[in-house]
Enquirer: 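Quick one: the structure is below, and I'll ask about it shortly.
Below, chains carry the letters A, B, ... as their sequence lines are ordered, and counting in each starts from 1.
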Protein chains: 2
Amino acid sequence: MVHSKEELYTQQEIELSKIAKALSHPARVKIINILNKRGICITGELVDLLPLAQATVSQHLRELKESGIIKGEIEGPRTCYCIEPKMMKKAKEAFTKLFSKLNCC
Amino acid sequence: MVHSKEELYTQQEIELSKIAKALSHPARVKIINILNKRGICITGELVDLLPLAQATVSQHLRELKESGIIKGEIEGPRTCYCIEPKMMKKAKEAFTKLFSKLNCC
DNA sequence: ATCGTATATCGTAAATATACGATAATATTC
DNA sequence: GAATATTATCGTATATTTACGATATACGAT
């Protein structure tokens, strides 16, 4: 029997995969770790702490920002980044739900 | 002051990003959802339930298998897939830890 | 206004991911 | 052992990601 393939993906599947994608590079996980520890951080500090060029760090920051996990506030010549708690809570719940049903073989 | 950039990434950062990468595509999240619900599933059933060609589903299954999140047992002409509970537990703990410190601005 | 600092964006090269048809491999059935 | 069924792999086209130097932008200080 052939099933319809019209439904594609659920909202949960799309949202979870987007959060996962945001965390799918060690540099971005490190940025989250640093922000978790420090609370806030400017770009230059992150550049010093990461093994990447300034342009590349900025690119990773943009990806995290676009995923909604972090936010950046311009403060004079710098940009101050921090975790976006609402999105982190959402992400935490999404992963907790995914990992909660371990009725395996 | 210039910091040393020799340490690159911690084991936690590398492992977490790998799990996240495995879950960074909606088709792979859907596969995990299906296996969570059904317990076990053969390739053909997953092909019917996903909006992708057989070769593509097989490719996604291999990625999930290589990440350690699922395992596949050959049963005659079929392959029977299921969640790998050890790895799921590990993944759950890793994400819980990452999301646990919400001391933001 | 000019200079220095901080950071984002542009352009681009190389690597990786995604998708699928075709084919190969393996097991079952006749 | 020939035919069928199931699934993995190969080959390949296209898209996306990753990385960095160069440049642009914006602000503060002189």
Enquirer: Please report the distance, rounded to the nearest Å, between CG in Leu61(A) and C1' in dC20(D).
Expert: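 Checked: the CG to C1' distance equals 16 Å.
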Enquirer: Would you check if Arg78(B) and Thr43(B) make a side-chain contact, meaning some heavy-atom pair closer than 4.5 Å?
Expert: no
Enquirer: Going 5' to 3' through nucleotides 13-22 of chain C, assign each nucleotide B (protein heavy atom under 4.0 Å from a base atom), S (under 4.0 Å only from sugar-phosphate atoms) or - (no protein heavy atom that close).
Expert: ----SBBBBB
Enquirer: Grab the CD1-P distance between Ile70(A) and dT7(C) for me, whole Å please.
Expert: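 Computing the Ile70(A):CD1 to dT7(C):P distance gives 13 Å.
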Enquirer: Check side chain to side chain contact (heavy atoms under 4.5 Å, CB included) between Lys65(B) and all other residues, then give those that pass, not counting sequence neighbours.
Expert: Ile70(B), Tyr81(B)
Enquirer: For Glu93(A), what residues pass the side-chain hydrogen bond (donor to acceptor under 3.5 Å, both in side chains) criterion, not counting sequence neighbours?
Expert: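 With neighbours one apart ignored, the set is Lys89(A).
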Enquirer: Not counting sequence neighbours, list each pair that qualifies as a ring pair (Phe, Tyr, Trp, His ring centres under 6.0 Å) and has a residue in residues 23-69 of chain B.
Expert: His25(B)-His60(B)
Enquirer: Counting any heavy atom closer than 4.0 Å, what does Thr43(B) reach on the DNA or RNA strands: base, sugar-phosphate only, or nothing?
Expert: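 The residue Thr43(B) makes sugar-phosphate contact but no base contact.
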Enquirer: Only Watson-Crick and G-U wobble pairs, only distances under 3.5 Å, only runs of 3 or more: what stems does that leave for DNA chain D?
Expert: C:1-30 with D:1-30
Enquirer: Should Pro51(A) and Tyr9(B) count as side-chain neighbours, where that means a heavy-atom distance under 4.5 Å?
Expert: yes
Enquirer: What nucleic acid atoms does Ile42(A) come within less than 4.0 Å of, heavy atoms only: base, sugar-phosphate, or nothing?
Expert: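 Result for Ile42(A) = sugar-phosphate.
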Enquirer: Looking at residues at least two apart in the chain, or sitting in another chain, which of them share a side chain to side chain contact (heavy atoms under 4.5 Å, CB included) with Ile74(B)?
Expert: Thr79(B)
Enquirer: Can you list the residues that meet the salt bridge (Lys or Arg N to Asp or Glu O under 4.0 Å) rule with Glu73(B), with sequence neighbours excluded?
Expert: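 By the salt bridge (Lys or Arg N to Asp or Glu O under 4.0 Å) rule, Glu73(B) matches no residue at all.
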Enquirer: Which pairs with one or both residues in residues 27-48 of chain B pass ring pair (Phe, Tyr, Trp, His ring centres under 6.0 Å), sequence neighbours excluded?
Expert: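 Applying ring pair (Phe, Tyr, Trp, His ring centres under 6.0 Å) to every pair that reaches into residues 27-48 of chain B, excluding sequence neighbours, yields nothing.
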Enquirer: Among residues 74-81 of chain A, which residues get a heavy atom nearer than 4.0 Å to DNA chain C?
Expert: Pro77(A), Arg78(A), Thr79(A), Tyr81(A)
Enquirer: Tell me: CZ of Arg62(A) to P of dA19(D), nearest whole Å?
Expert: 14 Å
Enquirer: Excluding sequence neighbours, so at least two apart, what forms side chain to side chain contact (heavy atoms under 4.5 Å, CB included) with Lys90(A)?
Expert: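 Checked Lys90(A) against side chain to side chain contact (heavy atoms under 4.5 Å, CB included); matches are Glu15(A), Met87(A).
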Enquirer: Of all residues at least two apart in sequence or in a different chain, which pass the side chain to side chain contact (heavy atoms under 4.5 Å, CB included) check with Lys97(A)?
Expert: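 Once residues adjacent in sequence are excluded, Lys97(A) has no partner under the side chain to side chain contact (heavy atoms under 4.5 Å, CB included) criterion.
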Enquirer: What's the CG-P distance between Leu46(B) and dT6(D), to the nearest Å?
Expert: 14 Å
Enquirer: What pairs with Gln12(B) under side-chain hydrogen bond (donor to acceptor under 3.5 Å, both in side chains), at least two apart in sequence or on another chain?
Expert: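 side-chain hydrogen bond (donor to acceptor under 3.5 Å, both in side chains) check on Gln12(B) returns Asn33(A).
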